[in-house]
Amino acid sequence: MATTYTISDLAKEFDLTTRAMRFYEDMGLLQPERTGPGGRNRTYSARDRTRLKLTLRAKRLGLSLTEAKEIIDLYDSPRDTGVQLRKFLLVLAEHRRQLEEQLADLKANLDELSEHEQEARALLVKLEKNES
């Protein structure tokens, strides 16, 4: 028999809320089997667990959930692995470009901050000399 998980099992394992799990389901990242009265109970498969793990890994890389879904869906399809890898590399390259741009902006902000600190220290030294 295949291993299955409840929403609570996976939420606990990955330190998520059940609300987050339902959101990932709404986004199409997870597709649990619905059982019980009115389909209220969710049963997750090993495939769902893997998709959740990949989703969280993509989030840590800074990818959007939409980007994560596109990439994960590629691996679910029977297409050529080369297509999947090229798409993944394109997404990673774009994300790298964005991060490098943010890093450059942060460095510029830090440089500006340092200039203001130096100016404030110099003014404080002048002020203290004039007071003595």
Side-chain angles (χ1 to χ4, degrees):
M1 186 174 148
T3 303
T4 59
Y5 308 89
T6 65
I7 193 168
S8 299
D9 292 337
L10 291 181
K12 184 177 180 183
E13 179 180 349
F14 291 100
D15 195 26
L16 297 168
T17 63
T18 55
R19 183 176 180 191
M21 296 283 299
R22 288 189 297 274
F23 179 71
Y24 293 151
E25 183 181 338
D26 291 343
M27 292 286 297
L29 288 156
L30 304 174
Q31 297 164 344
E33 187 178 319
R34 305 298 290 251
T35 59
R40 290 178 45 137
N41 299 331
R42 292 165 168 84
T43 303
Y44 294 90
S45 65
R47 175 185 172 273
D48 286 314
R49 184 183 175 281
T50 299
R51 287 178 65 91
L52 179 58
K53 190 174 185 177
L54 292 171
T55 298
L56 296 174
R57 185 177 295 161
K59 274 187 64 180
R60 280 193 306 276
L61 287 172
L63 302 180
S64 71
L65 289 179
T66 302
E67 290 169 323
K69 183 179 181 329
E70 285 176 17
I71 292 167
I72 293 167
D73 285 349
L74 281 174
Y75 283 94
D76 270 352
S77 73
R79 287 196 237 167
D80 174 32
T81 304
V83 171
Q84 297 161 350
L85 291 172
R86 281 189 279 283
K87 171 67 176 172
F88 186 50
L89 287 170
L90 284 172
V91 170
L92 289 178
E94 174 58 20
H95 188 62
R96 175 183 292 280
R97 185 198 63 73
Q98 290 172 357
L99 287 174
E100 287 173 347
E101 194 174 286
Q102 290 172 351
L103 183 60
D105 289 344
L106 285 172
K107 285 181 179 177
N109 286 343
L110 285 170
D111 290 345
E112 186 176 342
L113 185 71
S114 293
E115 287 177 33
H116 289 299
E117 284 176 330
Q118 288 175 349
E119 289 172 11
R121 283 191 178 97
L123 287 171
L124 185 58
V125 167
K126 255 188 191 176
L127 183 64
E128 289 171 347
K129 277 185 182 177
N130 290 340
E131 289 177 352
S132 46

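Below, all heavy atoms of this structure are taken into account, side chains as well, without hydrogens, waters or symmetry copies.
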Side-chain H-bond candidate by donor/acceptor type, Asp111 with Ser114, under 3.5 Å: no
Heavy-atom check, side chain of Leu99 versus side chain of Arg96, under 4.5 Å: no
Cluster link Ile72 to Leu90, ILVMFWY, side chain under 4.5 Å: no
CD on Glu117 to CG on Leu110, rounded to 0.5 Å: 9.5 Å
Side chain to side chain donor-acceptor pair (under 3.5 Å) partners of residues 100-110, not counting sequence neighbours, each pair once: Arg97-Glu101
Inter-residue atom distance Ser64.OG - Lys59.NZ, 0.5 Å rounding: 11.0 Å
Sub-4.5 Å side-chain heavy-atom contact between Leu56 and Arg60: yes
Verdict with supporting geometry, Tyr44 and Met21, side chain to side chain contact (heavy atoms under 4.5 Å, CB included): CA-CA 11 Å; Tyr44 294 90; Met21 296 283 299; 4.0 Å; yes
Verdict with reasoning, Lys126 to Lys129, per side chain to side chain contact (heavy atoms under 4.5 Å, CB included): CA-CA 5 Å; Lys126 255 188 191 176; Lys129 277 185 182 177; 5.8 Å; no
Nearest-0.5 Å distance that lies between atom CG in Leu92 and atom CG in Leu63: 6.5 Å
Residue pair Asn41, Thr6: steps toward the side chain to side chain contact (heavy atoms under 4.5 Å, CB included) verdict: CA-CA 8 Å; Asn41 299 331; Thr6 65; over 6 Å; no
Residue list, salt bridge (Lys or Arg N to Asp or Glu O under 4.0 Å) with Arg47, at least two apart or on another chain: Asp76
Glu25 with Arg34: basic N within carboxylate O range, under 4.0 Å: yes
Inter-residue atom distance Asp48.CG - Lys53.NZ, 0.5 Å rounding: 14.5 Å
Lys/Arg-Asp/Glu bridge criterion (N-O < 4.0 Å) met for Asp73, Arg51: yes
Side chains of Thr35 and Arg42 in contact at under 4.5 Å (non-hydrogen atoms): no
Leu52 vs Leu29, side chain to side chain contact (heavy atoms under 4.5 Å, CB included): CA-CA, chis, key distance, verdict: CA-CA 7 Å; Leu52 179 58; Leu29 288 156; over 6 Å; no
Distance in Å, Ile7 CD1 paired with Thr43 OG1, rounded so as to fall on 0.5 Å steps: 10.5 Å
Spacing of NZ belonging to Lys12 relative to OG belonging to Ser8, to within rounding of 0.5 Å: 9.5 Å
Phe14 atom CZ, neighbour heavy-atom count above 12 within 6.0 Å: yes
